[in-house]
Amino acid sequence: FATDWQGAPTPAANLTRLRKESSATNTLLWSRDLSNAAWSTKTNITAAKTATGLDGIANTATTLTATATNAIILQPTSGIVSAARCASAYARRKTGTGEISFTQDGGSTWTDITSQLNATTYSRVQITATLANPSVGFKISTSGDAIEVDCVQNEAGSVASSPIVTTTATVTRNTDALTFQTSGNIDFTMGTCYVLLKSSGSLLTRYGVSVGADGYSYINSAGANTSWGSYDGTNILLKTGLDDMTAGAMVKRAVAWGGSTQKVTGNGATPASGAFDGSWGSGATINIASTLFGYIGDVAIYNYKMTDAELQAITT
């Protein structure tokens, strides 16, 4: 969106392109109001909905204040089978300098998040573990210290997705989808596909652009986060040794196909070249980042096969 909710222009630096995410469920209730009874364990701590939240609105987030040492607040869950889970929250320090810790196993394990917090802006903290029935919360070690907390979340997986606000019930966000028709947008026999992207987490096999049953511009498990691949339905071609797409910066990737070869590259590197079966894709739909979750920027499909020099130029 080019403007905020009041119509004011969004700073260019904040325009981080499309954020593509999978389906996720926040299993915690009252994610912004930790004074609610759902946060059933409160030991040596007060919780009040008196903090200005991420949205800049007063009294939408929670202030947690320790009334004695080792103040603890927890919300237990039930009916959740053992699996990889990620707990996350936005927090900032209000008063004090003592240790602040975060847990999702009811305090059996505490993670020190003190160094991640400041008194000015919210910082997102996250922890991962494989467990059933997570119990999420905070510990403030020093009496009198206080922090402000917003959008506490627990979800399946190893990476925190964007905030899912809850009140009386858990909330599920559907998988984001972005598709285009193949008709008029791609030549299966000859072309070039370019994509600008950043992944939100470590990858196995993820598709940046896919066309029907085959024709993929993608990351393959063989090369992990530093490779990119092209797949024509018969032949897999990988370019390895590229910039890590999970390191924080947007990366550029491109594949080209036509004649008897397909090519793939990124970061301005010399393209890898391999066999081409004559058709890069099939079907009626082009799926953008169908299984790649993170930020997707420019996507371009050209109706000709770029030269090596052109591929290097557009990915530099």
Side-chain angles (χ1 to χ4, degrees), residues 12-22 24 84-88 90 111 113 115-116 123-130 153 155-163 175-176 178 192-210 215-231 235-257 262-274 287-301 306 308-316:
N14 294 347
L15 295 175
T16 51
R17 302 175 171 87
L18 169 69
R19 182 167 183 167
K20 177 71 167 50
E21 295 187 294
S22 63
R85 307 287 305 178
C86 180
S88 62
Y90 288 86
T111 298
I113 60 171
S115 63
Q116 300 180 53
S123 300
R124 196 174 204 188
V125 296
Q126 60 177 301
I127 52 177
T128 58
T130 298
Q153 193 154 303
E155 61 195 300
S158 57
V159 178
S161 64
S162 58
T175 301
D176 297 324
L178 178 61
T192 300
C193 178
Y194 164 87
V195 62
L196 178 70
L197 76 159
K198 177 177 68 175
S199 174
S200 60
S202 187
L203 306 172
L204 293 175
T205 300
R206 300 290 185 265
Y207 303 129
V209 177
S210 58
Y216 297 120
S217 173
Y218 76 127
I219 174 69
N220 182 273
S221 57
N225 304 313
T226 57
S227 79
W228 197 250
S230 179
Y231 175 61
N235 307 293
I236 295 174
L237 174 64
L238 292 180
K239 175 64 179 179
T240 60
L242 302 175
D243 289 351
D244 189 332
M245 69 186 70
T246 66
M250 301 289 286
V251 300
K252 299 176 181 180
R253 302 287 188 257
V255 303
W257 62 93
Q262 58 181 330
K263 299 190 175 186
V264 59
T265 192
N267 308 126
T270 301
S273 182
N287 293 288
I288 307 301
S290 57
T291 58
L292 192 153
F293 306 122
Y295 292 98
I296 307 298
D298 306 327
V299 176
I301 297 177
M306 287 189 178
D308 286 5
E310 288 174 319
L311 289 171
Q312 289 179 263
I314 67 169
T315 59
T316 298

For Gly268, is there any backbone N or O sitting under 3.5 Å from a side-chain donor or acceptor partner on Thr315? yes
From Ser123 OG over to Tyr90 OH, what is the distance, rounded to the nearest 0.5 angstrom? 10.0 Å
Of all heavy-atom pairs linking Thr265 and Pro271, the shortest is CB-CA, 3.7 Å
Between the side chain of Thr192 and the main-chain N/O of Met306, is any donor-acceptor distance below 3.5 Å? yes
Is there a donor-acceptor contact under 3.5 Å linking the side chains of Arg253 and Ser217? no
Rounded to the nearest 0.5 Å, what separation is found between the CG atom of Leu18 and the OH atom of Tyr295? 10.0 Å
If you take all heavy atoms of Ser227 and Leu242, which pair is closest and at what distance? C-CD1, 4.2 Å
Flag side-chain contact, heavy atom, 4.5 Å: Leu178 against Ile296: no
In the structure I gave you, are the side-chain heavy atoms of Thr316 and Lys252 within less than 4.5 Å of one another anywhere? no
Work out which heavy atom in Lys20 is nearest to a heavy atom in Ile288; give both atom names and the distance. CE-O, 3.7 Å
State, to 0.1 Å, how close Met245 and Val251 come at their nearest heavy-atom pair, and which atoms those are. CB-CG2, 3.7 Å
Measuring from Phe293:CZ to Thr175:OG1, what's the distance to the nearest 0.5 Å? 6.0 Å
How long is the span from the CG atom in Leu196 to the CG atom in Asp298, to the nearest 0.5 Å? 5.5 Å
Minimum heavy-atom separation for Val255 to Gly229, with atom names? CG1-O, 3.8 Å
Polar side-chain atom of Lys263 near backbone of Ser273 as donor-acceptor pair, under 3.5 Å: no
To the nearest 0.5 Å, how far apart are SG in Cys193 and CD in Gln262? 12.0 Å
Mark yes or no for whether Glu21, through its side chain, and Ser161, through its backbone, hold a donor-acceptor pair below 3.5 Å. no
Taking all non-hydrogen atoms of both residues, which atom of Tyr194 and which atom of Ile314 are closest, and how far apart? CE1-O, 3.2 Å
Per the side chain to side chain donor-acceptor pair (under 3.5 Å) rule, which among Gln126, Gln153, Arg124 passes with Ser88? Arg124
Please lay out, stage by stage, how Tyr231 and Ser210 fare under the test side-chain contact (heavy atoms from CB on, under 4.5 Å). CA-CA 9 Å; Tyr231 175 61; Ser210 58; over 6 Å; no
Whether the side chain of Asn267 engages the backbone of Asp243 through a donor-acceptor N/O pair (distance < 3.5 Å, no angle test) should be reported. yes
